[in-house]
Amino acid sequence: MQAVVLVGGLGTRLRPLTETIPKQLLPVAGVPMIERVLEQLSSHGVDRAILSMGYLPAAFVSAYPDGIIGGVHVSFAIEPVALGTAGAIRFAGRSGSIDETFLAVNGDVMTDLDVTALIAVHRSKGAEATIHLTPVDDPGRYGVVACDAAGLVTSFVEKPEPGSAPSNNINAGTYVLEPSFFDRVPDATTMSVEREVFPRMVHERTLYAVVDASYWIDAGTPRAFLQANTDILDGTRVVPLPGALTGGALVLEGASVSASARVTGSVLGRDVRVGDGASIVDSVVLEGATIGDRASVTDAVIGPGAVIGADATLLGNCLIGACEHVPERARRSGAAKAA
Ligand code: GDD
Ligand code: MG
């Protein structure tokens with residue numbers, strides 16, 4: 001089966017990291033998000049994928065020059081302008097000449113969904129589209145979906161006003177689609193699958209959904225990105241790791257940690273240096289970054305090559321961009337934009 005993987009968003013909620021690295025190339029427990037997405041799809045029979053790209057496309061092409069990601073052969077569909085989620089699926093699907101049932105997924109979703117079962121339900125209902133739903137406590141920042149007992153979707157509201165969500169089940173970003181999807185999206189038109197195509201399908205009673213509460217997270221905010229990492233470190237999600245866990249930390253090749261530093265619940269990328277007396281808790285430090293002596297890093301993501309000065313304090317889901325320098329004794333908190 002073929003899959004279209006949407007990776008063209010700007011990743012605004014993960015700036016400044018995403019100013020230089022597209023969201024889906026950020027590593028989750030040492031493996032780029034896109035590889036984790038494609039490994040999961042591959043385990044359910046996906047053998048070809050089209051990456052639907054717009055923002056920083058060259059980064060994907062140079063990261064995977066042989067066109068194989070997570071064991072799946074991929075091709076790259078680069079939009080001339082951002083086409084929105086529906087325009088992007090059409091553009092990618094047409095570029096891959098898709099003419100049978102296919103999958104489309106949000107590239108920032110980490111999930112253990114049984115995709116095979118989702119496809120089976122789709123076929124048994126004769127649906128035009130079948131989407132995975134997951135229950136969440138706070139549905140407001142997602143697409144909120146209500147359906148009847150047979151799984152027919154009766155309402156799809158993208159990012160509803162506070163208090164108006166029709167259910168706690170949200171669009172979890174994995175879709176089984178029929179090629180008739182393409183006829184709903186005019187060529188070269190910017191269109192949203194969530195705001196335009198799915199509501200229209202609801203009206204025409206062709207959209208079905210399956211609630212499945214397997215592991216799921218949209219890693220597109222600072223807090224969720226950190227959680228996607230710590231969930232793997234603490235065993236909440238079981239997936240392959242590119243190194244050994246020591247004391248709850250994943251320390252990749254070439255990283256050097258002072259004997260007097262404390263590292264827990266964190267990932268240290270390749271060639272990271274951690275100085276004397278530094279403390280790193282529930283954080284992600286990307287390749288080549290340097291953490292100064294006695295610096296305190298809690299719930300933070302440090303970009304590749306960044307330099308954190310001695311005695312600095314980073315906390316509250318703060319993000320430090322690639323190669324950024326944080327002065328000695330500085331204090332940074334990302335609390336305001338963390339959720
Ligand atoms: N190619 C392309 N072009 N990709 C895009 C575009 C575009 O114009 N816009 C967004 N994307 C990609 C993003 O890179 C991401 O992988 C995916 O589409 C979803 O975009 P997000 O920006 O992450 O959307 P969201 O998280 O606010 O909401 C979406 O996901 C939720 C679940 O995680 C919606 O699908 C919600 O309905 C859903 O609940
Ligand atoms: Mg998202």
Side-chain angles (χ1 to χ4, degrees), residues 3-15 18 21-26 28 32-34 36-38 41 49-57 59-60 74-96 103-111 113 129 131-136 138-146 153 155-160 165-175 177 185 188-199 201-202 207 209 211-212 215-225 227-228 339:
V4 171
V5 184
L6 294 172
V7 297
L10 302 176
T12 47
R13 290 162 291 189
L14 290 178
R15 282 180 184 156
T18 45
I21 310 166
K23 174 164 64 173
Q24 297 82 1
L25 285 183
L26 291 172
V28 171
M33 242 184 242
I34 186 67
R36 295 209 177 274
V37 168
L38 284 167
L41 292 176
I50 306 158
L51 291 202
S52 165
M53 313 193 289
Y55 179 62
L56 300 175
F60 291 95
V74 298
S75 55
F76 302 109
I78 304 175
E79 293 155 37
V81 292
L83 291 173
T85 45
I89 294 170
R90 180 195 152 105
F91 183 81
R94 288 287 193 230
S95 87
L103 292 162
V105 304
N106 287 347
D108 58 353
V109 163
M110 307 283 102
T111 182
L113 169 70
I131 64 181
H132 167 212
L133 307 183
T134 193
V136 298
D138 176 18
R141 69 179 177 92
Y142 302 103
V144 185
V145 181
V153 176
S155 163
F156 188 116
V157 190
E158 182 67 13
K159 310 211 167 76
S167 91
N168 270 4
N169 289 329
I170 58 129
N171 166 28
T174 300
Y175 318 136
L177 301 173
V185 186
T189 304
T190 299
M191 194 182 268
S192 161
V193 73
E194 299 90 345
R195 294 180 193 278
E196 295 172 81
V197 179
F198 286 159
M201 287 181 175
V202 170
L207 181 64
V211 181
D212 178 307
Y215 180 84
W216 181 90
I217 196 166
D218 171 343
T221 68
R223 191 189 309 159
F225 177 73
Q227 193 176 337

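Atoms within each ligand, like the ligands themselves, are counted from 1 in listed order.
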Output the list of atoms in ligand 1 that are nearer than 4.0 Å to some heavy atom of [X], sorted by atom number.
{"X": "L83", "answer": "8 (O)"}
{"X": "G143", "answer": "36 (C), 37 (O), 38 (C), 39 (O)"}
{"X": "Y175", "answer": "35 (O)"}
{"X": "K23", "answer": "23 (O)"}
{"X": "V7", "answer": "14 (O)"}
{"X": "V109", "answer": "33 (O)"}
{"X": "G107", "answer": "16 (O)"}
{"X": "W216", "answer": "32 (C), 33 (O)"}

Nearest-neighbour protein heavy atom for [atom], which is reported as residue plus atom name and distance:
{"atom": "atom 17 (C) of ligand 1", "answer": "N106 OD1, 3.6 Å"}
{"atom": "atom 24 (O) of ligand 1", "answer": "R13 NH2, 4.0 Å"}
{"atom": "atom 32 (C) of ligand 1", "answer": "N171 O, 3.3 Å"}
{"atom": "atom 18 (O) of ligand 1", "answer": "L6 CB, 3.5 Å"}
{"atom": "atom 36 (C) of ligand 1", "answer": "E158 OE2, 3.3 Å"}
{"atom": "atom 1 (N) of ligand 1", "answer": "E79 OE2, 2.5 Å"}
{"atom": "atom 27 (O) of ligand 1", "answer": "K159 NZ, 2.8 Å"}
{"atom": "atom 14 (O) of ligand 1", "answer": "G9 N, 2.8 Å"}

Pairwise side-chain contact, [X] with [Y], heavy-atom cut-off 4.5 Å (strictly under):
{"X": "Y142", "Y": "N171", "answer": "no"}
{"X": "T221", "Y": "R141", "answer": "yes"}
{"X": "P222", "Y": "L14", "answer": "yes"}
{"X": "V7", "Y": "P22", "answer": "no"}
{"X": "K159", "Y": "E194", "answer": "no"}
{"X": "V185", "Y": "I89", "answer": "no"}

For ligand 1, is there an N or O atom under 3.5 Å from any N or O atom of [X]?
{"X": "G8", "result": "yes"}
{"X": "E194", "result": "yes"}
{"X": "F156", "result": "no"}

Is a side-chain donor or acceptor of [X] paired with a backbone partner of [Y] at a separation under 3.5 angstrom?
{"X": "S167", "Y": "N169", "answer": "yes"}
{"X": "T85", "Y": "V193", "answer": "yes"}
{"X": "T111", "Y": "Y215", "answer": "yes"}

Residues in ring pair (Phe, Tyr, Trp, His ring centres under 6.0 Å) contact with F225, at least two apart in sequence or another chain: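 Not a single residue meets the ring pair (Phe, Tyr, Trp, His ring centres under 6.0 Å) criterion with F225.
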Aromatic ring pairing F198/Y175, orientation class (parallel under 30°, perpendicular over 60°, tilted between):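 If you compare the ring of F198 with that of Y175, the planes turn out perpendicular.
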Pair N106-D218, side chain to side chain contact (heavy atoms under 4.5 Å, CB included): steps then yes or no: CA-CA 9 Å; N106 287 347; D218 171 343; 5.8 Å; no
Say whether [X] and ligand 1 are in contact under the criterion: heavy-atom distance to a ligand atom below 4.0 Å.
{"X": "Q24", "result": "yes"}
{"X": "G54", "result": "no"}
{"X": "F198", "result": "no"}

Just to be sure I read this right, does ligand 1 sit under 4.0 Å from the backbone of [X], its side chain, both, or neither, counting only heavy atoms?
{"X": "F91", "answer": "neither"}
{"X": "A88", "answer": "side chain"}
{"X": "T190", "answer": "neither"}

Metal site angle (apex the Mg ion (ligand 2)), OD2 from D218 and OD2 from D108, 10 degrees: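 Between OD2 of D218 and OD2 of D108, the angle at the Mg ion (ligand 2) is about 120°.
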Sub-4.0 Å protein heavy atom next to atom 20 (O) of ligand 1: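 Protein heavy atom within 4.0 Å of atom 20 (O) of ligand 1: absent.
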For V37 against G107, the heavy-atom pair lying closest together: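 Nearest heavy atoms, V37 then G107: CG2-O, 3.6 Å.
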Minimal non-hydrogen separation, V28 against R36, with atom names: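 Residues V28 and R36, closest heavy atoms: O-NE, 2.8 Å.
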Side chain to side chain contact (heavy atoms under 4.5 Å, CB included), paired with V145, selected from V202, N168, V153: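 It is V153, the one option of V202, N168, V153 that forms the side chain to side chain contact (heavy atoms under 4.5 Å, CB included) with V145.
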Separation of T18 OG1 from R13 CZ (nearest 0.5 Å):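 Result: 10.0 Å between the selected atoms.
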